[in-house]
Number of protein chains: 2
Amino acid sequence: MKKGHQVTMKEIAKKLGVSVSTVSRALKDSPELHPDTKKRIVEMATSMNYQYNLLAQSLRISRSKVLGVIVPELTSHFFSSNISGIQDTAYKRGYNIMICQSNESFEQEKANLKTLVSSQVDGLLISLSRETKSYEHLQELYDREIPFIMFDRVTEEIPVSKVTVDDAHGAYLAVNHLLQQGCRKIAYFSGPTDLYISKKRKEGYLEALQEFGIPETESRVYVTDLTEEMNRKVTMEMLAEGDRPDAIFAMIDPLAIDVMIVLKENGIKIPQDIALAGFTNNPTSAVVEPSLTTISQPGYEMGQLAANHLLDQLDEIVPDDPQSFILLTTLVERNSSQKSTTA
Amino acid sequence: MKKGHQVTMKEIAKKLGVSVSTVSRALKDSPELHPDTKKRIVEMATSMNYQYNLLAQSLRISRSKVLGVIVPELTSHFFSSNISGIQDTAYKRGYNIMICQSNESFEQEKANLKTLVSSQVDGLLISLSRETKSYEHLQELYDREIPFIMFDRVTEEIPVSKVTVDDAHGAYLAVNHLLQQGCRKIAYFSGPTDLYISKKRKEGYLEALQEFGIPETESRVYVTDLTEEMNRKVTMEMLAEGDRPDAIFAMIDPLAIDVMIVLKENGIKIPQDIALAGFTNNPTSAVVEPSLTTISQPGYEMGQLAANHLLDQLDEIVPDDPQSFILLTTLVERNSSQKSTTA
DNA sequence: CTGTTAGCGCCTTCAA
DNA sequence: TTGAAGGCGCTAACAG
């Protein structure tokens, strides 16, 4: 299918017997122009259905007014909330966004970066894939002075602005809550250990335990690659052990829900036998049975903040030295952890 | 923040004392070029960290290799699945995507259309907002011969290709299933009546009833604007009536779940007192209690199909007369409707 | 095999 | 108040 012809300033100019520059000036409402000429041109443009060509402008001014976004996956509620915040913010400030998903693949992430840079995006918002363990591609981006910031899945290795939630504190809130409920043998179900959030949330987990005088014990840490299969396997392993925990803090809600399913299958009562808490506050968590206690992350706000900050940097409203924004998480108490009321 | 300087072919040419066209040819591996020259140029480009400027190419060839996507909202699982399918497909075929969300607003949808057209997207994939009841903006797009197709939320008014699921048949499957379970007084909970899917799903509902010799009765149709508030209100109204239904078919899962919550609050047993079925198969539906019987829509596949078809049209692999793709839905039987086994 | 020229659509001097 | 010229980065047609 061939795209229909788009009217250009040149054509308007020819029809009216004026120069292209005059048309250009009229269309951007320049004051140094005879009102009549302006009127004639604007009317002609409207009647010819003229549509401004942003591409040409971008080339001209070396600014595309496009932001690139790379996320691990589009279908997760958290990331789509981020994107929603980014999109709304960018739109309000006159920018479009181009989106890529790395599908949690390092190679894909590098490829995405390349096409977005090629497309001359003015800046990038990046959330790293699970596989990303080396950062040369980001370093190169940095060296080439292409503005970008990271959100949620970040690395400390590159000195750019970052937007995250307070993972450690969120985990602390969750585990502290479990402790308040009387649990003392609390397991931590972790994602891959090299993931930033796995580490941070473990910090909070350990801090809460320490505060209650419980010796740090790695023996209650279970690691999964977050596939349903392995989540199930790890949970079964835990159940097979002699000294079962009385509570589980799972690094993210989907993991918590996988754990919940396995526990229920095995006749374990939640929260009576084992209390459970997650992290993220996915919509699903509110409706599972029992409803899942979790930590709420402000996904939409993160997206807004990240986009606003990047645009502030681009527009030099704000100096471009790296800042770290840490958003607050909140505890959402639900039934999966209410020992006191349900026991 | 100023974007770092990007190396251009011109600079490479100057460094090497050749012409820009030679550089251009070398970089696209043209055969009519001395291997040595080519080698020198490619090496120089690499060492200077040259990055191709897609924007300039777009302007030159009048093709941006960008697809525009407009969806009502980004955070719904169904639409993010669509987008995921679109993105993966576009990427594979060398296209980027620009995404806008209309936030269910007609004005926003028109504005989105405008900026995407301005950005010179090669084609558009559109899913209409709930508010969209007039179609001049699409007609204009059509008249201007900008290739686009619609998916999921479509209108028959514009002769372009459409990708939808078989809504009527899906509804038929759900209601037929409820009938098989022995229910005879089946209510239909509908969204706004001017919505395409509201109508189509009602058709399937009525067809199933008819097949069982149940007189069409509008009295069991309940209409909501799909806000939680009104969903609740309508459900309460239904409960207040004398002749309660023994089953409910809700137009979409979130509505079904709102209904489920209200029923449970009122001590109604599901499915024993009232069976329940939804439509969409959101991830949430699998984990609610009782798990929700629903109709599965292939969101990712819809996105893939839509993107592939549009690109086929653009690349003239396929003639550009409008086609209608109707994807199959499947019944997902879960506990909210299993009268036979649970009664 | 390589260089020159022209132009994609737009805007910004500079000149008139 | 308006026009002409030049250029953003790249490519394609035409020379040589």
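None of the values given here were measured: they were computed from a predicted structure.
Distances shown here put a side-chain N or O of T37(A) below 4.0 Å from the OP1 or OP2 atom of dT2(D). Between S24(B) and dT11(D) there is a side-chain polar atom (N or O) within less than 4.0 angstrom of OP1 or OP2. Side-chain N/O atoms of K10(B) include one lying less than 4.0 angstrom from OP1 or OP2 on dC8(D). Put simply, S58(B) has no side-chain N or O that comes within less than 4.0 Å of OP1 or OP2 on dC8(C). In this structure, Y50(A) reaches the dC10(C) phosphate: one of its side-chain N or O atoms is under 4.0 Å from OP1 or OP2. Regarding contacts with the backbone of dG3(D), a side-chain N or O of T22(A) is found under 4.0 angstrom from either OP1 or OP2.
For the residue pair N112(A) / Q108(A), a side-chain donor-acceptor distance below 3.5 Å is found, with atom types taken as modelled. A donor-acceptor contact closer than 3.5 angstrom links the side chains of D88(A) and Q101(B). Side chains of H309(A) and Q323(A): no donor on one and acceptor on the other come within 3.5 Å. For the residue pair E136(A) / S134(A), a side-chain donor-acceptor distance below 3.5 Å is found, with atom types taken as modelled. Judged purely by distance below 3.5 Å, without hydrogens or angles, the side chains of Q57(A) and N53(A) never pair a donor atom with an acceptor atom.
Residue K65(B) contributes atom NZ, which lies 16 Å from atom C1' of dC10(D) at whole-angstrom precision. To the nearest angstrom, P of dT2(C) lies 9 Å from CG of D36(B). Rounded to whole Å, atom C1' of dC8(D) lies 12 Å from atom CD of Q57(A). Spacing between atom CD1 of I41(A) and atom P of dG3(D) amounts to 8 Å, rounded to whole angstrom units. Between the C1' atom of dG3(C) and the NZ atom of K14(B) lies a distance of 17 Å, rounded to the nearest Å. One interatomic measurement links the two molecules: CZ of R60(A) to C1' of dG6(D), which rounds to 9 Å at whole-angstrom precision. Whole-Å rounding puts the L54(B) CG to dC8(D) C1' distance at 15 Å. A straight line from CG of L55(A) to C1' of dC10(D) spans 12 Å, rounded to a whole angstrom.
The base of dG3(D) sits with one of its N or O atoms less than 3.5 Å from a complementary donor or acceptor on the side chain of R25(A).
Comparing dT12(C), dG9(D), dC10(C) by their closest approach to the side chain of A56(B) singles out dG9(D).
When heavy atoms are screened at a 4.0 angstrom cut-off, T8(A) is found touching the sugar-phosphate backbone but no base atom. Residue-level contact check: V18(A) touches the backbone only, with heavy atoms under 4.0 Å from sugar-phosphate atoms and none from bases. Contact annotation for L33(B): backbone-only contact, meaning every heavy-atom pair under 4.0 Å involves sugar-phosphate atoms and none involves a base.
Nucleotides of DNA chain C nearest to P31(B) and S62(B) differ in position, and the one nearer the 5' end is that of P31(B). Residue whose closest nucleotide on DNA chain D sits further toward the 5' end, between K28(B) and K38(A): K38(A).
With values rounded to the nearest 0.5 angstrom, L116(A) atom CG is found 6.0 Å from L124(A) atom CG.
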